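To start, the structure itself, in structure tokens.
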Protein chains: 2
Amino acid sequence: MRKKEGNKEVDILSAAIKVFAESGFFDAKIAKIAELANVSIGSIYVYYKNKDDILYKIFEQIWGGLYNNLDSLVSRKDLTMVEKYDAMIDMIFDTFTENSATAIVVAHEQQRIVMRTPEKFTPYYEKFVGLGEKIVKEGIKKGTFNQNINVNIFRHFLLGAFRDLINSWAVSPKEFPLNTMRQNIKFLSKYGLLNHK
Amino acid sequence: MRKKEGNKEVDILSAAIKVFAESGFFDAKIAKIAELANVSIGSIYVYYKNKDDILYKIFEQIWGGLYNNLDSLVSRKDLTMVEKYDAMIDMIFDTFTENSATAIVVAHEQQRIVMRTPEKFTPYYEKFVGLGEKIVKEGIKKGTFNQNINVNIFRHFLLGAFRDLINSWAVSPKEFPLNTMRQNIKFLSKYGLLNHK
DNA sequence: ATTTATTTTGAATATTCATTCATTTATTAA
DNA sequence: TTAATAAATGAATGAATATTCAAAATAAAT
């Protein structure tokens, strides 16, 4: 019996990330993904149920990875709350800047996919967000973070800011150097715009 | 000769905002917009060139309005920098919370439409952003705002946060009460997460 | 070499909808 | 009343493309 050679499943996913980033999900052509992945159109449907499924798997990969990383971070006892918070920022930052096409896909498609399939959207995202909130709540309890801040609002504030910034970087990296961005995200989210002498 | 009765152009735009918010631009059906607007399918093409054009006009309306409002604010001499900044936040906030469907459409479609038609995207948006940056730069010059902050990054930070939050409110208003959101956006963007005793 | 099991293929299919335009309807002016 | 003009209509068109599936190709087992 015949054996698979290479890993078409992975090749297709990588190609899809590029094509989705380039054209957006709706304008992305299955034929183009097949071409980039060096695979026939038919093969795509061997490995993925349909176009939506490909997008879904991309999100699962991203948020699954982030969830696992954050899970290790949360339980660490050797870090101050600020150090934990900064480490969380770095983690998100690194995940998305590792592959700019992924950053673009998440920035552009996540809202829509959450709307379209609220039941089916990867549970890793919710779990990841839950862990993030845990860190912030712990910091508030310990008095490091401001107790008047609404945790739920803060999470959308931070992730929304992140999404826009990382997308901006992915689209024009020269205008948004990684280190400047990283510093500014950490600083702004912790200290804000005002000059505190 | 026959005169127009009512204002189909406006009716179509309002209906389109609702349908785009409900289904997203790509899943939105022209037939559904026509139905909601109490207008024939053909009439839509009398008033708008095509589906893209409808979306474009929505953005033009929103950012055109915001640009004009912000233009009046920028030149006022009777306000401190913080007051100006807060007024700007209120302005954006009010525009989008006035009509939740509009908020959803902007949150979901803006990134994509900017990508698809960078030349054609409404110049009001760029002009609006330019004015916002002017306020921040002025505040930095006067020493009210922190001079280490990168203005370009700050703008994406703030607008990204805004977009996510207003969309969250539009989708589930009970979870995100307007006043709490408004206060938190102002507070977080000015003071950040940390507890400054 | 032949069989068997599995993978791969891509032309053909089927569906979906945005857009068109010939026709109808309504309004005003003569 | 009638003519002239503009507005409104919606069935028909055509283009686009996601998905299917019967056939072909390949690798291992016999």
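Just so you know, these numbers use all the heavy atoms, side chains as well, and skip hydrogens, waters and symmetry mates. It should be emphasised that the depicted structure is a prediction, and the values quoted were computed from it without experimental measurement.
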| query | Of all heavy-atom pairs between B:Asp53 and B:Tyr48, which one has the smallest distance, and what is that distance? | reply | OD2-CA, 3.6 Å
| remark: Here the pair of heavy atoms bringing B:Leu158 nearest to B:Ser189 is CD1-CB, 3.9 Å
| query | Between B:Tyr191 and A:Tyr191, is a ring pair (Phe, Tyr, Trp, His ring centres under 6.0 Å) present by the stated rule, with each step listed? | reply | CA-CA 5 Å; B:Tyr191 301 101; A:Tyr191 301 101; over 10 Å; no
Show me the donor-acceptor pairs within less than 3.5 Å that the side chains of residues 144-151 of chain B make with the rest of the protein, sequence neighbours left out.
unit_1	atom_1	unit_2	atom_2	d
B:Asn146	OD1	B:Asn148	N	2.7
B:Asn146	OD1	B:Asn148	ND2	3.4
B:Asn150	OD1	B:Asn152	N	2.9
B:Asn150	OD1	B:Ile153	N	3.0

List, with names and distances, any nitrogen or oxygen atoms from the protein found under 3.5 Å away from nitrogen or oxygen atoms belonging to nucleotides 15-17 of chain D.
unit_1	atom_1	unit_2	atom_2	d
D:dT17	OP1	A:Lys29	NZ	2.9

| Under 30°, 30 to 60°, or over 60°: which ring-plane class applies to B:Phe157 and A:Phe157, parallel, tilted or perpendicular? | perpendicular
| task | On the 0 to 90° scale, with breaks at 30° and 60°, tag the B:Trp63-B:Phe96 ring pair as parallel, tilted or perpendicular. | result | perpendicular
| field | Residues B:Lys127 and B:Asp71 bridged, charged N to O under 4.0 Å | value | no
| query | For B:Phe20 and B:His108, what are the C-alpha separation, side-chain angles and deciding distance, and is it a ring pair (Phe, Tyr, Trp, His ring centres under 6.0 Å)? | reply | CA-CA 9 Å; B:Phe20 290 163; B:His108 287 193; over 10 Å; no
| Between C:dT9 atom C1' and A:Lys8 atom NZ, what is the distance in whole Å? | 10 Å
| request: Check DNA chain D against residues 32-51 of chain A and give the residues with a non-hydrogen atom under 4.0 Å, in numerical order. | output: A:Ile41, A:Tyr45, A:Asn50, A:Lys51
| task | Could you please name the partner base of C:dT13, counting Watson-Crick and G-U wobble pairs only when both distances are under 3.5 Å? | result | D:dA18
